[in-house]
Asker: 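Below you will find the structure I want to go over with you.
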Amino acid sequence: MAVELRKTGISVVGDMPWGTHFCCFYETKEDLLDILVPYFKVGLENDEFCLWVISSSELLTVEEATSALRKALPDLDRYMAAGSIEVVSHDEWFLEGGAFDLHRVVNRFKQKVDEALARGYAGMRVNGSPAWMQREDGKTLLEFEGEADRLFPDERIIASCTYPLAGSGAAELLDVTHTHQFAIVRRHGNWEVIETPELKQAKAEIKRLNEGLERRVIERTRELAISNEKLRTEIAERKQVEETLRKSEAQLVEAQQLAQLGSWSRELATNVVTWSDEIFRIFGMEPQKVGTTYQAFLERVHPDDRTAVRAVIEDAFKYHRPFSCEYRIIRLDGAVRIIHERGSVVDDAGKPIRVFGTAQDITERKHAEEELRTSREQLRALAAYLQSVREEERSRIARELHDEIGQALTGIKLILEKTMREPNVAPALEPALGVTNELIGRVRDLSLELRPAMLDDLGLLPALKWHFERYTSQVNIKVDFKHAGLEGRRFQPEIETAAYRIVQETLTNVARHAMVERAEVNIRADDNMLRIEVRDAGIGFPSGSVPTSNTGGLSGMRERATMLGGQLTLDSAPGTGTLLTAELPL
């Protein structure tokens, strides 16, 4: 540890550490003032409490000491008024009731330094002349100096003892010197220091400590240089982490603006809500200009949605789970916007402490969805109308083929048969009769294909049975037909038409793609639903990969089911066949 050195003001002595106890031998009053005036001047200037005890053995009085000190220190009165220095007489300090008590005097030094430190002084500087004790009892002087020497090294005190040479013998001078760390004496007009072994040892120790301190300073300086270099590197890197972060934050702000999506958090303990700039913009507020709380947020929620929003959030708190909801807000400008919000709850030891999430303005999307929904409904209605028109047109064409063209061909056939009964005419007309019969068959098939009359006349079940017989005879694929709830029952015309066309189209696809000799059709009806299943054990196709040639037919079937409020699904896999399921509400 470094030793704190204090200026003594005595040029021959220089700087000394706290705990220094030295003595000064002088011949004249001038010699004494030459030492003590700068000694106390430096102490006052360095914020030390000063005590100058003028003993009866001195060649000096209190008034002379004060006057000499004032000449060197013009503002002495200020120091004295502040209590920074006391100049006291021998009797005032050493005696009490005319008696000298060694331990009381030593304790007074201890009390004085404690008081000085308590008042904020750096320490205490003292001078006294215990030479008068030589006349009383030389032993008392040595005991006093010994007690003082034991006290001072452990205290923030620098103490000097002055002895007039005229009143001291050689033996006394030697004894006094040995009870101090060093002595100063004036010889041939110059002050000299008489060092004791202890002083030399102390100086050597101070030198050693200072050298060690210097080494540590060098080492520490080197360490600091290395640390500073690391710090500069870290600062440069931090500036680069910060720059990257700034860019990321800027990109995040841009992304939030483009997506109209902002982030928020709420501390449950304080009920303080933090919004990103985009949240402020969504709510029609200037960013960071308005304080936010959960209650302030609820006030912006549309009154009709407020209860539902609060219930969703409280449910998330209760069960510590994420939440998602849509609600309307009323902006400060009165505009109503639609918000989609997502949030998560952070808990500590099972107790929710924070909730955070995102809020997105989906007003335009909702409007677009509403327009799309309306367009789809319009398209569906148009498709339903077109289907109805198509079926009506099929029926009309089928009737015309059956009633007009079929009857005309039948009339031609009858004429040909009658004419062939005449002699020598039959061989010439037989080809025409064959063509006529073929046209009659084609017209009948085309009429049935367009719209089997029995579907309108007899209903779904007879029409399907007729179709399965005709299908098997045409493509050589047997149909295993199972049904329930169809016998003797009629359904709404659009239901019967949709069911018949779905089965018809599905079996057509089986003939084209499945490469099978058998198909299964299962139709069941109750009071609420007509369910159709068409299954084959053919080659199948990957899920999600519908054969291109089947796309139009499948879309038509789905559209028929959807228009009636139902649904149609198709399940298939390579090598496992295909299952089509349609459900039509009744």
Side-chain angles (χ1 to χ4, degrees), residues 379-402 444-475 477 479-483 485-486 489-514 519-525 529-536 546-547 549-572 578-586:
L379 287 174
R380 187 166 290 116
L382 178 61
Y385 172 74
L386 291 177
Q387 286 285 6
S388 175
V389 170
R390 186 182 297 114
E391 289 296 334
E392 290 178 359
E393 187 66 13
R394 282 172 175 264
S395 298
R396 184 187 66 77
I397 294 174
R399 284 195 301 270
E400 289 182 357
L401 287 173
H402 182 270
R444 182 179 64 252
D445 290 343
L446 183 58
S447 175
L448 292 174
E449 187 70 24
L450 287 171
R451 178 80 180 183
M454 65 179 64
L455 180 62
D456 298 322
D457 299 337
L458 302 179
L460 179 61
L461 183 59
L464 286 175
K465 288 181 177 179
W466 169 83
H467 179 69
F468 295 154
E469 291 178 0
R470 186 165 174 267
Y471 176 78
T472 300
S473 65
Q474 289 178 340
V475 299
I477 296 178
V479 178
D480 294 332
F481 181 39
K482 297 179 182 179
H483 59 87
L486 303 183
R489 186 175 179 183
R490 294 301 302 266
F491 303 96
Q492 294 178 345
E494 58 268 22
I495 295 292
E496 291 186 337
T497 299
Y500 181 85
R501 293 303 185 192
I502 288 173
V503 173
Q504 182 186 42
E505 183 66 30
T506 303
L507 289 178
T508 298
N509 289 332
V510 170
R512 289 176 178 172
H513 306 292
E520 297 179 9
V521 177
N522 189 349
I523 302 179
R524 299 182 181 276
M529 187 73 66
L530 178 70
R531 181 180 176 86
I532 303 170
E533 292 183 355
V534 181
R535 186 190 306 270
D536 70 72
V546 181
S549 59
N550 188 33
T551 303
L554 180 61
S555 299
M557 290 188 286
R558 277 210 176 96
E559 191 60 32
R560 284 183 183 274
T562 302
M563 285 189 300
L564 296 174
Q567 61 181 359
L568 183 144
T569 59
L570 189 66
D571 296 319
S572 185
T578 302
L579 170 63
L580 179 139
T581 303
E583 293 182 338
L584 305 178
L586 298 178

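Computed from a predicted model, the values in this text were never measured in an experiment.
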Asker: Does the Tyr500 side chain pair with the main chain of Ala463, one donor and one acceptor, at a distance under 3.5 Å?
Answerer: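 No, Tyr500 side chain to Ala463 backbone: no donor-acceptor pair under 3.5 Å.
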
Asker: Do you know which two heavy atoms are closest between Ile495 and Pro585, and how far apart they sit?
Answerer: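 Here Ile495 and Pro585 meet closest at CD1-O, 3.6 Å.
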
Asker: Given side chain to side chain contact (heavy atoms under 4.5 Å, CB included), test Thr578 with Asn509 step by step and report yes or no.
Answerer: CA-CA 11 Å; Thr578 302; Asn509 289 332; over 6 Å; no

Asker: Any idea which heavy atoms bring Ala525 and Phe491 closest together, and the distance?
Answerer: CB-CZ, 3.9 Å

Asker: Could you go through Leu580 and Ile502, starting from their C-alpha distance and side-chain angles, then the distance that decides it, and tell me whether this counts as side chain to side chain contact (heavy atoms under 4.5 Å, CB included)?
Answerer: CA-CA 10 Å; Leu580 179 139; Ile502 288 173; 4.0 Å; yes

Asker: What distance do Leu570 atom CG and Met557 atom CE have between them, rounded to the nearest 0.5 Å?
Answerer: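 Between atom CG of Leu570 and atom CE of Met557 there are 7.5 Å.
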
Asker: If you look at every heavy atom in Leu486 and Phe481, which pair is closest and at what distance?
Answerer: CD1-CZ, 4.4 Å

Asker: At their closest point, which heavy atom of Leu455 faces which heavy atom of Thr497, and how far apart are they?
Answerer: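 Heavy-atom minimum between the residues: CD2-CA, 4.3 Å.
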
Asker: Give, for atom CD1 of Ile532 and atom CG of Leu568, the distance between the pair rounded to the nearest 0.5 Å.
Answerer: 8.5 Å

Asker: As an exercise, state the distance from CG of Leu584 to CD of Glu494, rounded to the nearest 0.5 Å.
Answerer: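 Reported value, rounded in 0.5 Å steps: 10.5 Å.
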
Asker: Glu583 and salt bridge (charged side-chain N to carboxylate O under 4.0 Å, His left out): which single residue from Arg560, Arg531, Arg524 fits?
Answerer: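 By the salt bridge (charged side-chain N to carboxylate O under 4.0 Å, His left out) criterion, Glu583 pairs with just one of Arg560, Arg531, Arg524: Arg531.
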
Asker: Could you tell me which non-hydrogen atom of Ala511 sits nearest to which non-hydrogen atom of Ile477, and how far apart they are?
Answerer: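 Taking Ala511 first and Ile477 second, the nearest heavy atoms are CA-CD1, 3.8 Å.
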
Asker: Say you draw a straight line from CZ of Arg535 to CG of Asp571; how long is it, rounded to the nearest 0.5 Å?
Answerer: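 One gets 9.0 Å once the value is rounded to the nearest 0.5 Å.
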
Asker: Nearest 0.5 Å, what's the CZ-OG1 distance between Arg501 and Thr506?
Answerer: 12.5 Å

Asker: Taking all atoms of both residues into account, what is the closest heavy-atom pair of Val479 and Thr472, and its distance?
Answerer: N-OG1, 4.0 Å

Asker: Report yes if the side chains of Leu507 and Val475 come closer than 4.5 Å at any heavy-atom pair, otherwise no.
Answerer: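 Not in contact.
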
Asker: Taking atom CD of Gln504 and atom CZ of Arg470, what is their separation to the nearest 0.5 Å?
Answerer: 8.5 Å

Asker: Among all residues two or more places apart in sequence or in another chain, which pass the salt bridge (Lys or Arg N to Asp or Glu O under 4.0 Å) test with Arg490?
Answerer: Glu496

